[in-house]
Amino acid sequence: KALKEARAHDDKVKEEDKNSKNRKDLRDLKLITIDGVTAKDFDDAIYVEQTKTGYKLIVAIADVSHYVKKGSRLDAEAYEKGTSVYLSNFVCPMLPEELSNGLCSLNPNVDRLAFACEMHIDHEGEVNNFEFYEAVMNSHARVTYGEAQEIIDGGKIEKHKHVYDVIKNAEN
């Protein structure tokens with residue numbers, strides 16, 4: 001029943017969900033995911049911009065609750081599993097792959113629904129203010145930890161040239 005519920009969703013975010021007046025449109029911001037090389041589900045993304053007083057940091061997480069409704073069979077299955085299990089050569093996802101690697105994964109170059117926290121951080125690392133909101137986003141790159149470190153160390157990775165500023169700002 002949980003698989004049937006998962007498969008009932010389209011493989012793309014519906015236009016009416018993207019254009020909801022309750023969702024802030026972050027698709028033009030260079031949000032990126034940074035995960036391990038073998039990761040398949042990208043559940044969080046970041047955007048970091050330098051400001052006059054410090055940094056603006058946006059952390060976006062996949063809006064799973066939009067697809068997994070309280071009391072649904074998907075909700076019950078996820079509750080029973082509690083978490084995804086990662087083994088050396090196998091992952092048993094908490095949600096069916098249609099969601100965990102699809103609609104609820106912040107894959108690059110596709111629109112996704114998210115929850116975001118926007119923080120304004122001063123040069124001493126203090127959070128001066130923050131705001132939580134629902135959003136629609138589009139990841140501008142899928143970066144691995146090794147790639148991020150290579151860029152921080154001054155290396156060049158052509159496919160990520162367009163997000164160097166986000167990675168370098170995140171270093172700070």
Side-chain angles (χ1 to χ4, degrees), residues 1-48 56-119 127 129-148 159-160 162-163 166-167 170:
K1 290 180 182 178
L3 285 172
K4 186 176 180 180
E5 282 182 23
R7 291 177 181 145
H9 294 288
D10 294 334
D11 60 347
K12 294 181 181 170
V13 177
K14 294 179 181 175
E15 288 300 317
E16 61 264 23
D17 293 334
K18 288 191 248 185
N19 298 321
S20 166
K21 65 179 180 178
N22 297 327
R23 287 198 185 271
K24 190 170 183 176
D25 191 341
L26 303 178
R27 289 178 282 189
D28 288 338
L29 292 181
K30 292 186 280 185
L31 281 139
I32 61 171
T33 61
I34 305 177
D35 290 281
V37 173
T38 61
K40 293 181 183 171
D41 57 336
F42 312 113
D43 54 5
D44 56 85
I46 63 165
Y47 169 78
V48 187
K56 175 168 90 170
L57 166 64
I58 297 175
V59 177
I61 61 168
D63 184 357
V64 176
S65 66
H66 184 81
Y67 303 103
V68 180
K69 300 299 182 191
K70 187 173 180 159
S72 69
R73 189 63 203 143
L74 277 168
D75 183 44
E77 287 285 321
Y79 183 81
E80 284 179 32
K81 288 183 179 179
T83 188
S84 295
V85 177
Y86 297 87
L87 303 171
S88 61
N89 62 347
F90 180 75
V91 176
C92 181
M94 183 171 64
L95 296 173
E97 287 190 32
E98 291 84 353
L99 293 178
S100 64
N101 295 358
L103 281 172
C104 296
S105 186
L106 305 177
N107 299 313
N109 306 311
V110 292
D111 292 345
R112 293 291 186 245
L113 302 181
F115 283 112
C117 180
E118 182 174 323
M119 296 163 266
V127 177
N129 60 42
F130 62 90
E131 176 186 8
F132 291 97
Y133 48 82
E134 294 179 336
V136 58
M137 61 160 288
N138 189 304
S139 174
H140 286 234
R142 182 262 196 266
V143 181
T144 68
Y145 296 124
E147 290 170 334
K159 69 179 180 178
H160 295 319
H162 65 293
V163 294
V166 175
I167 295 167

### Task
Scan for salt bridge (charged side-chain N to carboxylate O under 4.0 Å, His left out) pairs involving residues 79-96, sequence neighbours excluded, and state none if there are none.
Arg73-Glu80
Does a side-chain heavy-atom distance below 4.5 Å link [X] with [Y]?
X      : Y      : value
Asp25  : Arg23  : no
Met119 : Val59  : yes
His160 : Ile32  : no
Thr144 : Arg142 : yes

Would you compute the distance between atom [atom1] of [X] and atom [atom2] of [Y] and round it to the nearest 0.5 angstrom?
X     : Y      : atom1 : atom2 : value
Asp43 : Asn101 : CG    : CG    : 11.0 Å
Asp63 : Leu103 : CG    : CG    : 11.0 Å
Leu74 : Lys1   : CG    : NZ    : 12.5 Å
Ile58 : Ile46  : CD1   : CD1   : 11.0 Å
Asp44 : Asp35  : CG    : CG    : 6.0 Å

### Message
Which residues pass the salt bridge (charged side-chain N to carboxylate O under 4.0 Å, His left out) test with Lys14, not counting sequence neighbours?
### Response
none
#### Entry: Donor-acceptor contact present, side-chain His140 to main-chain Thr33, <3.5 Å
no
### Query
Ignoring hydrogens and geometry, is there a side-chain-to-backbone donor-acceptor pair from Arg112 to Ile61 under 3.5 Å?
no
### Task
Just jot down the ring pair (Phe, Tyr, Trp, His ring centres under 6.0 Å) partners of Tyr67, sequence neighbours excluded, or say none.
His9
### Summary
ring pair (Phe, Tyr, Trp, His ring centres under 6.0 Å) filter on Phe132, not counting sequence neighbours, yields Phe130
### Task
Could you check Met137 against Leu29 for side-chain contact (heavy atoms from CB on, under 4.5 Å), going step by step and ending with a plain yes or no?
CA-CA 8 Å; Met137 61 160 288; Leu29 292 181; over 6 Å; no
For the residue pair [X] and [Y], what are the closest heavy atoms and their distance?
X      : Y      : value
Lys24  : Glu118 : NZ-OE1, 3.4 Å
Leu106 : Ser139 : O-CB, 3.5 Å
Ala2   : Glu77  : CB-CG, 3.4 Å
Ser105 : Phe42  : OG-N, 2.8 Å
Ala135 : Leu26  : CB-CD1, 3.6 Å

### Task
Determine whether more than 12 heavy atoms belonging to other residues, nucleotides or ligands lie under 6.0 Å from atom NZ of Lys69.
yes
### Query
For Asp28, does the CG atom have more than 12 heavy-atom neighbours from other residues, nucleotides or ligands under 6.0 Å away?
no
For residues 90-99, which side-chain N or O atoms pair as donor and acceptor with protein atoms under 3.5 Å away, sequence neighbours left out?
| from | atom 1 | to | atom 2 | distance (Å) |
| --- | --- | --- | --- | --- |
| Glu98 | OE2 | Arg7 | NE | 2.8 |
| Glu98 | OE2 | Arg7 | NH2 | 3.4 |

## Note on the structure
With sequence neighbours left out, the residues meeting side-chain hydrogen bond (donor to acceptor under 3.5 Å, both in side chains) with Lys18 are Glu15, Asp111
